[in-house]
S.K.: 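Sharing a structure, written as C-alpha cells. Questions coming.
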Amino acid sequence: MSSYHPQSVEKKWQSVWEQEKVYQVDLDQAARPFYNLMMFPYPSAEGLHIGNMYAFVHSDAYGRYIRLQGYDVFEPIGLDGFGIHSENYALKIKEHIRDVSARTEKKFYQQLRAIGNAYDWSRTLETYHPDYYRWTQWLFLQMYEKGLAYRRSSQVNWCPSCQTVLADEQVIDGRCERCESLVEYKEMEQWFWRITDYAEKLYYNLDQIDWSDEVKTAQKNWIGRSEGAKIRFSVKAGRQKSEIEVFTTRPDTLFGCTYLVLSSQHKLIEEFKEEIKNYDQLAAYLKQITTGSDESREKIGLRLEGWMAVNPVNNQEIPVFVANYILADYGTGAIMAVPAHDQRDWEFAKQNHLEILSVVRPAEGEWTEDRPYLEEGVGVNSDFLNGLPTESAKERMINWLEQQGVGQREIAYRLRDWCVSRQRYWGPPIPMVYCEQCGWQPVPEEELPVRLPDIEDFQPDGSGRGPLSKVPDFYQTTCPKCQGPARRETDVSDPFVDSAWYYLRYLCTDFNDRALEPKRMARWLPVDMYIGGREHSVLHLLYVRFVSMVLHELGYVPEGEPFKRFRAHGLLIKDGAKISKSRGNIVNPDKYLTEYGTDAVRLYLMFLGDMRQGGDWRDGGLNGMVRFINRIWSLYQQPRQENSSEEADRMMARAIKKISEDLDQLKFNIAIAQLMTIVNELKGQEKVAMKHLEQLAIMLGPFAPHLAEELWQEQLNKKQEPFCSVFAQKWPSYDQAMVEKKQVTLIVQVDGKLRDRLQLPAGLDQTAVEEKARASARAQKFIAGQEIVKIAFVPDRLINFVTKS
RNA sequence: GCCGAGGUGCUGGAAUAGGUAGACAGUGAGGACUUAAAAUCCUUUGGCCGCAAGGCCGUGCGGGUUCGAGUCCCGCCCUCGGCACCA
C-alpha cells in the first residue's frame, strides 16, 4: 500500500490550480457572484502569524463550501502594509522601511500561497503601492469636497521617549505600546473626518445587518447614544452677560442643580477671561490639569470668581466652576451639577463644600442622604415634578423647557470625529496644500498620487511635525488656485483610512483611470461574508461602514452598508496561554506546513475548537490530523463496489445533512468530527461504494483541498481534458427520507433516572412503547410495587415513569 | 466600575424548541505485530462502592421551576476580552 506524501501532492495541485486559473472569477460576467472577504493582514516582518492563518483557513473553508454549491466565489487577498507598526519595526532594526516592506511582501505572499487558500492571485493589492494610495488620496478629496474633512486643533497622544505622536490604538492603559512610557497630551492642529454626522445612521442600521451580536453591541456602546436635553443657563460674567448650554440625561433633576461646571477648554473662558477675577490662579490651574488623562481620577476644579449662573427653573443664582472631570468634546463641554444624584458631582461638591439638594427619592423603601442616589424614583423638592416618577418627570421638564424657550430635547453621542492625520512617514501623504493667500486647497485629482518621497531619514524628530516637513522638495509647491508659492501638508493619513475601503479596490485593480467602477460595485456589493477578528469590532468595522455610507451617497456603491454578513472569530492561544513575542511562544506556520503538510495544519486549526470561541493550539493535536489523513488515504485503497447498501446510504445521508448544516453555521470543528466518523464507518466496510467515496472527497474539499483534489483526480480517476477540479463539482445532496432513522434507541426512565435503553423501530406510539418498557427487566426492578402517577413520553426518544414516592 | 464572552473528564473540546452528559480527537495504560524501535491495529481512560451483576455521585458555587436542568429563572464566585470621569 503506497503511503501519502502531502508535500509533493500539495505542491502539484497548487501549481495546477494556478495554471488552470481555478480560483479566478470573471468579475464582469459571473452569474452567481459571492464575495468572500477576509481581513487582509498587517504584514509584520516576522512573517505570517499562525493567528492569521487560523482566520484565513476558516474563511477559505467557507468560501470553498459556497463554491461547491455553484457560486462564483471571489476571494481576494492583499497587504495592509502602511502604518506605524511596520515603521517602528524598521526603525528598531535600523533598516529602511521601503526595504523591509519589499522583503516582508515577498515573504508574506509566499506564506499566503502556502496555506492553500482559493485566492484570486490576479487581484492583489498593497496599501503602500502608489497605484493604491493614489485612490486613498482620492477618497480624502471626496471627503473634503463633501465637507466631511476639516482641520481643527485637538489633543493628541505624545510619547516623550519615542518623541512621536501615537494613534489612540497605540496607547495601552495610558502608556506607549513600544516603550511603556506614560503618554502625554499635546494640543495640535489635525485633520478630522466628520464621522459624527453619521452617528445616528451608524447606530440604527446595526439593527438591520446580519453581524455577530457582540460586535453590534460593541459598536452601539462605542457610538454611545444618550437621550436627554440641552438646557441654557443665563450667566453673568462680571460685566458681561452670556449663556452656558449644558447637556443632561436627567432633566428631571434640574431643581437639584446647585452649580455649573465647564471643561477647561470651554470657549467662554477664553472669550471672557478679563471678567474672571482670579484669572491668574486659573491660568496656573489650566496649565496643571490635563482633562481626561488624570490617572488618579482626582477631581480638581476652580471657581470662576465674579461669575454667576441662573438656574432657569427656579431663578436661583449658582456658582460656575472649571474642572478636570468635564470632557470638552462630549455634549456641550459643560454640565449642570446635581450632586445629590451624580457620583462625580457628589465627590466634587463634598470636596468643595457645595450645596447638595435631593430632588429624587426611591418610590418606596429606605433612603439616606449620606451618598448620592443614582437610580430612578419620584421627584421631591421639585415643584411641578413632585411625586412624578423619573420617566414622566423627564418628559414634563422637557416640555417646560421648550415652552419657556430655555432648552429642548437632545440626543448626545459619545462618538467623536475621526482624527486621520499622523505625523509620521509611512502612510499616504494627505493631498492638501496650504497657501497664505487662499488657505487650504485640495490637490487637483489629476495630480494624484502625491508620491511619498523616497527619503533616507524617516525618524520622527520630536518637533511634532512629520518627517516630510524636513523635505523641501516635497513640501514646496504652488497653490492650485492662485499659482503662488504654497506648502504641502506634511502629515500622512491614518492606516485605518487605507483599510476602510480596500475591499472595494479589489474589484477594480485593473482600472488605472478610476478608483471604483460602478458596474463592478453593482454586481459584487455588498460583501456576502466577512470574517475577521473581534479586536476590530469598533475601529476598522466602524470606519468601513462610515466610508461606505459616504461613498453610497456619492453614488459609487449600491448600498450604504458594506457587509451583508460579518462573523467574528476568536483568539488562537497556545498551551493555554496567549501567543506573544514576550512569552516566546510564537508559532511559525512554516515549520508545521513543511513537516506535516498544509492540509494537516488546516484541519487542525479548524478542528481544535469553535471558530467564534478561538482555540488552544497544542502541537500534539497535529498527530491526530496526520493519522486522519492517512486513514482517509488507506480508505481509498480498500476494495470498492459499484452498489451501496441501504444502511450505508442512510449513514451518508445523515452525515451530509449534518455537515452541510454545520458549515452553514460556520461550525467547522464539528463538521470535521463528523467527517472522521464517516471515515471510521466506511473503513469498517468490506467493500466501499464508489458513490460514497466521491461524496466524501468533495466534502473534504473545504478542509483539506489538496487531499480532496488528489483523491478526486488520481484515486477516483476523474481526470479529464480540459482540467476539471473537484471544486467544480456539486456539493452532495441527500434525500430527506433517507435521513430518518428506522431504528431508534429509546430511553426508559423511572423518576427521571435512566434505567434502560431499548432498540425499537421508529414511530411507535405511547401504548406500544409503554408495553415494551414495562416488560424491561431493568425498569421492572424500579417500577415493581410502585404506583405510577404519571408517564412522560417523547416519541422516538424517551419514556419516563413517575412513581408516587 | 460598565459592556461582552465563557467556566463540562488528565487535555482540546461535543451536546440548547429542557429529554442517553462527555461525540470527535489528544494523552496515559495494557495487549498484538516486530530481533528491536517507529508506524499500524485491538482494549481501556470522569469519580466512588462492588468479585460480578449492578448501584451511587458528577457539567464553577447556592437556591428555584420541572416527570426530567450542562441547557430555563434568581443570587453569587472565578477567568478572558473590550471600554473607562460620556453628564
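Remember, it's a predicted structure, so these values are computed and weren't measured experimentally. Per chain, numbering begins at 1; letters A, B, ... match sequence-line order.
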S.K.: For W346(A), enumerate each residue passing the ring pair (Phe, Tyr, Trp, His ring centres under 6.0 Å) test, keeping only those at least two apart in sequence or located in another chain.
M.R.: none
S.K.: Going 5' to 3' along nucleotides 3-8 of chain B, which nucleotides have protein heavy atoms under 4.0 Å from the base (write B), which only from the sugar-phosphate (write S), and which from neither (write -)?
M.R.: SSSS--
S.K.: Classify the nucleic acid contact of D329(A) as base, sugar-phosphate or nothing, counting any heavy atom under 4.0 Å across all strands shown.
M.R.: nothing
S.K.: Spell out yes or no: do the side chain of R757(A) and the base of U20(B) have one donor N/O and one acceptor N/O closer than 3.5 Å?
M.R.: yes
S.K.: Over all strands shown, is L608(A) touching base, sugar-phosphate only, or nothing at heavy-atom distances under 4.0 angstrom?
M.R.: sugar-phosphate
S.K.: In whole angstrom, give me the gap between the P atoms of A23(B) and G12(B).
M.R.: 15 Å
S.K.: Is there a residue in residues 673-682 of chain A whose heavy atoms reach under 4.0 Å of RNA chain B, and which residues are they?
M.R.: A673(A), M676(A), T677(A), N680(A)
S.K.: Looking at every strand, decide which applies to D345(A) at a 4.0 Å heavy-atom threshold: base, sugar-phosphate, or nothing.
M.R.: nothing
S.K.: Can G63(B) be described as syn, meaning its chi torsion is within 90° of 0, or is it anti?
M.R.: anti
S.K.: Output a table of nitrogen or oxygen pairs between the protein and nucleotides 28-33 of chain B separated by less than 3.5 Å.
M.R.:
none

S.K.: Does G331(A) reach a base, just sugar-phosphate, or nothing at all? Heavy atoms under 4.0 Å.
M.R.: nothing
S.K.: So, Y543(A) side chain and W418(A) main chain: donor-acceptor pair closer than 3.5 Å or not?
M.R.: no
S.K.: Considering only atom C1', compute the distance from G9(B) to A14(B) and round it to an integer number of Å.
M.R.: 13 Å
S.K.: Under 4.0 angstrom, heavy atoms only, what part of the nucleic acid is S537(A) near: base, sugar-phosphate, or nothing?
M.R.: nothing
S.K.: Mind checking if R414(A) touches a base, just sugar-phosphate, or nothing, with heavy atoms under 4.0 Å?
M.R.: base
S.K.: If you look at every strand shown and take non-hydrogen atoms under 4.0 Å, does F801(A) touch a base, only sugar-phosphate, or nothing?
M.R.: nothing
S.K.: Indicate whether any N or O donor in one side chain lies under 3.5 Å from an N or O acceptor in the other, for R225(A) and Y204(A).
M.R.: yes
S.K.: Mark up nucleotides 48-59 of chain B, 5' to 3', with B wherever a protein heavy atom is under 4.0 angstrom from a base atom, S wherever such an atom reaches only the sugar-phosphate, and - elsewhere.
M.R.: ------SSSS--
S.K.: Mind checking if N623(A) touches a base, just sugar-phosphate, or nothing, with heavy atoms under 4.0 Å?
M.R.: sugar-phosphate
S.K.: Might you list the N or O atoms of the protein lying below 3.5 Å from N or O atoms in nucleotides 42-45 of chain B, with each pair's distance?
M.R.:
none

